[in-house]
Amino acid sequence: MTLKSADPTFLDALSARLPADTLRRPDARYLEEPRGRYSGQAAAVALPRNTQEVAEIVQAAHVARVGVVPYGGGTGLVGGQVMPEGTTPILLSLERMRKIRAVYPQENVLIAEAGAVLAEVQAAATGAGRLFPLSLAAEGTAQIGGNLSTNAGGVNVLRYGNARDLCLGLEAVLPTGEIWHGLSRLRKDNTGYDLKNLLIGAEGTLGVITAAALKLSPIPANAGTAIFTVRNPAAAVELLAMVRDAVGEGVSAFELIHRQGLDFLAEKLPELRQPFDSRPEWCVLIELGLGKGQDAEDALADLFGHAMEAELAEDGVIAQSEAQRQSLWAVREHIPEANRLIGSVSSHDISVPISRIPEFIPAGWKAISELDSSLRINCFGHLGDGNLHYNVFPGAGRSRAEYDALRGEVKRIIHDLVYDYSGSMSAEHGIGRMKVGDLERYGDPVKLAAMRAIKQALDPHGIMNPGAVMR
């Protein structure tokens with residue numbers, strides 16, 4: 001699978017097959033990623049307007065054996081959208097393909113082109129009296145094609161599932177340039193291999209998603225938000241079970257927050273109002289979405305009372321208005337920004353079986369402290385689905401550059417521990433280029449062999465997102 005660079009001859013021939021202004025020199029934004037870990041390269045960025053133009057681009061690249069790097073909103077955190085090494089590729093951005101093609105409220109289905117921004121999809125669903133529940137910090141920039149290609153998670157996975165669970169069908173261009181017309185709106189279609197679920201989570205290595213049939217849900221008639229302080233993660237896990245027993249699928253989100261995250265917010269974003277005068281060691285943010293005739297605030301008040309009786313909660317704030325709900329969520333949603341401003345030594349998007357999280361968190365602290373006691377850990381994330389962001393930061397007053405020599409060892413310690421606890425080193429961010437070595441280290445050999453066979457079968461020239469997911 002030897003690739004060739006996208007030279008002027010290839011670009012001229014490709015340009016002749018496409019409408020004017022489809023190929024451009026790439027702006028700097030196409031060659032960067034949010035954490036500044038990688039700088040990419042590209043001979044051009046292709047900006048198709050429809051699926052047929054995507055097919056023309058990919059087919060030409062297949063014949064010429066030129067690499068194609070699909071580019072969504074650029075919000076990925078593992079380097080999947082940039083190619084820093086190897087033969088010069090072209091970037092393929094679907095930002096012009098952002099139509100909401102159709103909404104079927106009675107079917108709870110919306111069909112969107114891959115370049116539609118997640119917030120636009122959410123708004124279109126709301127306009128039809130429905131909810132598209134995928135929600136994450138980058139929803140104002142992330143595109144739905146990228147969300148599906150990375151199988152994005154977010155804060156509502158506990159109730160609604162991740163991106164894979166929210167997709168019924170796809171339209172996609174395969175690595176040969178052929179168009180797969182798979183925009184099914186069916187819940188049941190048991191006709192052989194599920195190509196949709198093969199492309200979802202493949203990070204553009206098996207083709208380019210151009211449109212999707214997305215699953216909608218009713219908008220909860222009554223939503224409520226609260227933040228409760230808890231003694232420790234064990235109490236948080238017990239409280240999660242209590243909440244689910246009480247309201248079943250009515251709990252939409254259950255987020256764990258550690259004091260270190262609140263301290264970072266106070267240091268870097270002091271204008272952000274925090275819910276407690278004294279920052280607690282641990283707290284959980286709970287979101288309920290209930291049906292007609294049910295009052296979420298009353299349910300949260302009852303839950304708080306039972307949690308206090310069971311000595312699981314120590315203090316709490318229940319939002320009394322939409323403004324207060326937004327204020328509580330702002331605390332959780334700004335933690336990643338405060339982390340970025342501090343600058344991590346090593347960040348870890350991990351998942352661990354929920355019942356083992358209370359053991360895992362202190363075991364990680366102990367292992368990192370033994371490596372260097374000055375390091376700080378901000379552990380937070382989606383406790384309801386077992387996904388933690390277990391990020392390691394420099395000591396107070398020190399920069400992450402001082403710990404460059406330790407970064408690899410920090411990551412190895414955490415990921416080794418994750419697998420000791422039957423977890424995964426990539427819960428929702430994907431593999432990209434950053435975690436290819438980790439996948440080789442921790443992945444099941446049989447699964448990896450099957451993945452390589454699938455890649456070879458669908459993309460024999462290896463043009464699709466070279467170097468991402470697998471080498």
Response to the item:
The reported gap from CD in Q294 to CG in N222 (rounded to nearest 0.5 angstrom) is 8.0 Å
Worksheet item: If you measure from CE on M451 to OG1 on T205, what distance do you get to the nearest 0.5 Å?
Response: 7.0 Å
Worksheet item: Any idea which heavy atoms bring R279 and Q274 closest together, and the distance?
Response: CD-OE1, 3.4 Å
Worksheet item: Judged by atom type as modelled, is there a donor-acceptor pair below 3.5 Å linking the side chain of E409 to the main-chain atoms of L406?
Response: no
Worksheet item: Got a donor-acceptor contact below 3.5 angstrom from the R273 side chain to the V331 backbone?
Response: no
Practice prompt. Please report the shortest heavy-atom distance between I209 and A172, naming the atom on each side.
Written response: CA-CB, 4.1 Å
Fill in: For the student: nearest non-hydrogen atoms of L288 and A296, plus distance
CD1-O, 4.1 Å
Worksheet item: Does N197 offer a backbone N or O that forms a donor-acceptor pair with the side chain of R164 under 3.5 Å?
Response: yes
Discussion item. I'd like to know if the side chain of E120 reaches the main chain of V117, judged simply by a donor and an acceptor atom lying under 3.5 Å from each other, with no hydrogens or angles considered.
Written reply: yes
Worksheet entry | Main-chain N/O of G343 paired with R400 side-chain donor or acceptor, under 3.5 Å | no
Worksheet item: Taking all atoms of both residues into account, what is the closest heavy-atom pair of I377 and G364, and its distance?
Response: CD1-O, 4.2 Å
Worksheet item: Which atoms form the tightest heavy-atom contact between T150 and G146, and what is the distance?
Response: OG1-O, 2.8 Å
Fill in: Electrostatic pair K435:E203 at N-O distance under 4.0 angstrom
no
Discussion item. Tell me which one of I318, V243, D315 satisfies side-chain contact (heavy atoms from CB on, under 4.5 Å) with F228.
Written reply: I318
Worksheet item: So, Q122 side chain and L134 main chain: donor-acceptor pair closer than 3.5 Å or not?
Response: yes
Worksheet item: Hey, are R101 and E171 close enough for a salt bridge, meaning a charged N less than 4.0 Å from a carboxylate O?
Response: yes
Worksheet item: Got more than 12 heavy atoms from elsewhere within 6.0 Å of CD, Q320?
Response: yes
Item to complete: State whether the side chain of E370 and the backbone N or O of A367 hold a donor-acceptor pair below 3.5 Å, judged by distance alone.
Response: no
Item to complete: Look at the side chain of R433 and the backbone N and O of G80, then say whether any donor-acceptor pair between them is shorter than 3.5 Å.
Response: yes
Item to complete: Just jot down the ring pair (Phe, Tyr, Trp, His ring centres under 6.0 Å) partners of F360, sequence neighbours excluded, or say none.
Response: Y390, Y421
Worksheet item: So, the side chain of E428 versus the backbone of G154: is there a donor-acceptor pair under 3.5 Å, distance only?
Response: yes
Worksheet item: Once you round to the nearest 0.5 Å, how far does CG of L417 lie from CD1 of I413?
Response: 9.5 Å
Worksheet item: Taking NZ, NE, NH1 and NH2 as the nitrogens, is one of them in D404 or R407 under 4.0 Å from a carboxylate oxygen of the other?
Response: yes
Practice prompt. If a pair satisfies ring pair (Phe, Tyr, Trp, His ring centres under 6.0 Å) and one of its residues is in residues 91-147, list it, with sequence neighbours excluded.
Written response: none
Discussion item. I'd like to know if the side chain of E287 pairs up with that of T225 as donor and acceptor (distance under 3.5 Å, no hydrogens or angles considered).
Written reply: yes
Discussion item. If we ignore hydrogens and angles and just use 3.5 Å, is the side chain of D349 paired with the main-chain N or O of H429 as donor and acceptor?
Written reply: yes
Item to complete: Kindly determine whether Y403 and S374 satisfy side-chain hydrogen bond (donor to acceptor under 3.5 Å, both in side chains), including the steps that lead there.
Response: CA-CA 10 Å; Y403 297 86; S374 71; 2.8 Å; yes
Worksheet item: For the residue pair H389 and F380, is the inter-centroid distance of their aromatic rings smaller than 6.0 Å?
Response: yes
Worksheet item: Should the pair R159-D165 be classified as a salt bridge under the 4.0 Å nitrogen-to-oxygen rule?
Response: no
Worksheet item: Are R376 and D263 within salt-bridge range, i.e. N to O under 4.0 Å?
Response: no
Practice prompt. Scan for ring pair (Phe, Tyr, Trp, His ring centres under 6.0 Å) pairs involving residues 321-358, sequence neighbours excluded, and state none if there are none.
Written response: H348-H415
